[in-house]
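Values reported hereafter were calculated over all heavy atoms of this structure, with side chains retained and with hydrogens, waters and symmetry mates removed. So you know, we letter chains A, B, ... as the sequences are listed, proteins then strands, and number each from 1.
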Amino acid sequence: MADAPKPMKFEERLAPVARAIRTSQIWKSIFRHGYQDTPRNRSLMILSNVFFHIHAVKVRPAALPFRYTWRMGELSFYLFLVLTVTGILLMFYYRPTVEHAYWDMKDLAYVVPFGRLLRNMHRWSAHVMVLFVMFHMISVFYRSAYKPPREYNWVIGVILLLITFLLSFTGYLLPWDQLAIWAVTVGTNMAANTPILGSEGPLAIVGPDMDARFVLLGSKIVGQAGLLRFYVLHCVLLPVAFLMFIAVHFWRIRKDDFSAVPVPPKEERAKGVQPEEWHKQHPEVLQEKVFTWPHLVSRQFVSAVVLTMVLVGWSLLANAPLEELANPNLTPNPSKAPWYFVGLQELLVYFDPWIAGVVFPTLIIMGLMAIPYVDPNPRGVGYYNFRERRFAVSMFTVGVVLWFGLIFIGYYMRGPGWELYMPWEAWNHHRPPSSTAGLRNTPNWFGFLLLAGYGALGMGLPKLLFKDFYKKLGPVRYGVVMFFVLAMFFVPVKVILRNFFDIKYLISLPAWSLNI
Amino acid sequence: MSPDQPTPPANPPAPRPAPAKPPKSIQQQQVDETKVWNLWFTRREFLTLAAWGGFFLWLGGTIGAALRYFLPNVTYDPPTRFKIGRPEDYASGEVNTRFKKKYRIWVVRDTPAQGGGLYVIYARCTHLGCTPNWLSGQNKFKCPCHGSGFRWGGINFEGPAPRPLERCRVALADDGQIITDVGDRFKDPKDWHRPDAYLKV
């Protein structure tokens with residue numbers, strides 16, 4: 001209680017009553033310790049609370065400011081909780097059958113009180129969560145918070161990213177409208193193009209009644225079986241998997257000590273002193289900590305409240321889309337995947353489905369997971385740093401820009417027939433399609449030589465030009481790093497080859513459905 | 001305060017000592033101003049209270065909304081209104097079981113001595129909800145579950161049933177057929193004399 005400048009009549013009268021309540025057996029059995037603001041109680045608020053004891057009792061002050069983490073990790077988890085609560089409430093009215101799913105969505109919008117708000121909140125929270133986990137990954141990378149001893153936690157994080165994508169994708173089907181059914185058709189057709197295990201991919205050994213797509217959908221068509229599978233995945237299997245990995249993720253954060261470290265003051269930084277040296281000179285700054293309760297917890301509470309306000313406000317004003325009832329006989333033009341997959345869909349212009357839909361996503365996931373193990377540079381942990389890790393930051397930034405750039409093009413610049421439209425241009429369904437008459441394939445031997453040359457130059461040239469770089473990485477890490485870098489730059493290479501040289505395929509083996 | 005010593009219970013703030021003769025310092029002027037407004041709280045306390053109050057208002061509103069969410073404005077239950085033929089189709093002094101299986105009702109037509117009304121009894125035992133049977137030989141409705149017995153007209157007279165059988169609202173439709181609503185029932189025998197509880201034929 002704050003000290004008033006003069007005694008307050010209310011508090012004088014209330015104090016004995018309050019004291020009697022707070023020393024009663026019922027109260028003490030629930031709340032245990034007092035609320036007086038003492039160091040002991042600040043510790044106990046964290047230690048003796050089953051939810052809060054994920055946190056450390058004390059944190060370094062460098063972890064507190066918004067600009068360090070942008071609060072992306074904790075808000076992603078908070079959004080998961082919001083999605084769970086809104087999702088469970090929606091489950092009281094939604095039936096995952098082809099006859100009922102769409103009409104139950106209509107019921108939620110028009111018949112159930114607050115149903116529209118709840119559904120909107122669920123949809124917008126899902127989109128924001130996908131965005132925030134991407135931002136979280138980006139921020140962790142820029143802070144080097146994946147470097148030893150935190151490598152495995154980064155891998156767990158990539159798995160969580162994948163689960164988030166899958167959660168969003170399975171949920172996308174459930175409204176059973178045109179948007180849903182065709183987005184999932186696009187996505188599951190990518191699965192059919194898996195090499196070997198997909199019936200339409202290169203080197204296929206199974207038919208459409210046994211391939212990867214069939215496993216996903218339980219059928220050769222996107223129908224009742226797929227709807228039920230996606231529903232169970234969305235509501236049970238994926239959330240449980242998410243929670244298991246989140247538990248490990250949080251455990252690791254505590255075990256490895258949150259990464260934030262103080263940076264030297266401005267005068268020292270101006271002289272060029274780096275944080276690692278400064279810590280060696282002043283080891284006591286690493287020990288300076290403040291209580292999580294109230295300093296960190298209050299900031300988290302405020303960010304959660306602001307996010308909730310924005311979500312509720314947005315959900316009141318903007319309705320989540322619901323198009324017409326799903327019609328397997330009528331494909332809308334264009335048919336787009338959800339926004340976070342539409343970048344891969346854009347790649348389909350330049351690559352066959354097995355590359356755009358299977359190989360590239362796999363390489364992205366594997367490349368992300370490899371990052372902590374191929375980065376031997378120990379500098380930069382716990383603060384934003386570019387100068388001492390130029391290559392890593394540049395390559396990662398190129399990847400992020402490429403990813404969001406492809407999403408932008410696929411979302412805003414592709415219209416009917418996947419033709420190019422400026423974002424302000426109206427879509428014209430009668431516009432004649434752009435001519436592909438001039439496109440040609442290079443002879444296979446030429447394409448093979450080109451690819452081999454690209455690989456050889458890409459592997460050999462940096463080794464010769466940047467000997468230090470090669471020495472620091474060693475041959476294995478160097479090979480892995482250059483492989484992923486070359487794969488990443490192959491995308492703009494193909495874009496240029498197609499748009500400026502009218503080349504469609506470098507290598508074309510139609511008998512095996514294998515085209516590059 | 002040491003973290004290991006038990007903290008003493010909070011005491012009310014010490015009363016402010018009476019102001020001395022004014023040299024009128026700044027603090028004195030501030031104190032005088034608060035005396036002028038005679039407030040119970042500081043600005044900080046007011047804002048804290050307002051913020052927590054706002055939070056609990058929001059929380060209460062959200063809980064209220066969540067509770068209201070569970071009461072949809074429209075349900076999709078099956079229809080409860082049915083046409084059951086013309087009054088001429090029913091003989092006087094008879095309990096008709098024509099629609100017992102389909103709509104769970106008996107159509108009863110009293111003799112002229114009993115009053116001559118035509119009414120619909122809902123075939124649900126008032127004990128625990130089983131469907132009784134009309135035993136015309138014994139002139140009673142008998143429930144097979146626990147033996148409840150009901151006289152002609154539905155009054156309970158034996159077994160555990162606490163109340164008489166319920167009657168359904170009846171009316172004459174435009175085409176001359178009887179129309180009854182099994183969702184709208186009269187429990188109390190006092191209501192059985194209402195004009196929508198029976199038809200005069």
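Around the CD atom of Glu99(A), the shell of radius 6.0 Å holds more than 12 heavy atoms that belong to other residues, nucleotides or ligands. Around OH of Tyr110(A), the count of heavy atoms belonging to other residues, nucleotides or ligands within 6.0 Å does not exceed 12.
Between Phe92(A) and Tyr69(B), the gap from one ring centroid to the other reaches at least 6.0 Å.
Applying the side-chain hydrogen bond (donor to acceptor under 3.5 Å, both in side chains) rule to pairs touching residues 160-178 of chain B yields Glu166(B)-Arg185(B), Arg169(B)-Asp181(B), Arg169(B)-Asp184(B), Asp175(B)-Gln177(B), sequence neighbours excluded. Contacts classified as side-chain hydrogen bond (donor to acceptor under 3.5 Å, both in side chains) and involving residues 93-111 of chain B (residues at least two apart or in different chains) are given here: Lys100(B)-Asn133(B), Arg104(B)-Thr131(B), Asp110(B)-Tyr119(B), Asp110(B)-Trp152(B), Thr111(B)-Gln114(B).
Proximity to chain A among residues 70-90 of chain B is limited to Phe70(B), Leu71(B), Pro72(B), Asn73(B), Val74(B), Tyr76(B), judged by heavy-atom separations below 4.5 angstrom. At a heavy-atom separation below 4.5 angstrom, chain B is approached by no residue within residues 284-298 of chain A.
Only the side chain of Leu118(A) comes within contact range of chain B, with heavy atoms under 4.5 Å apart.
In terms of non-hydrogen atom pairs under 4.5 Å with chain B, the most contact-rich of Leu108(A), Thr23(A), Asp107(A) is Asp107(A).
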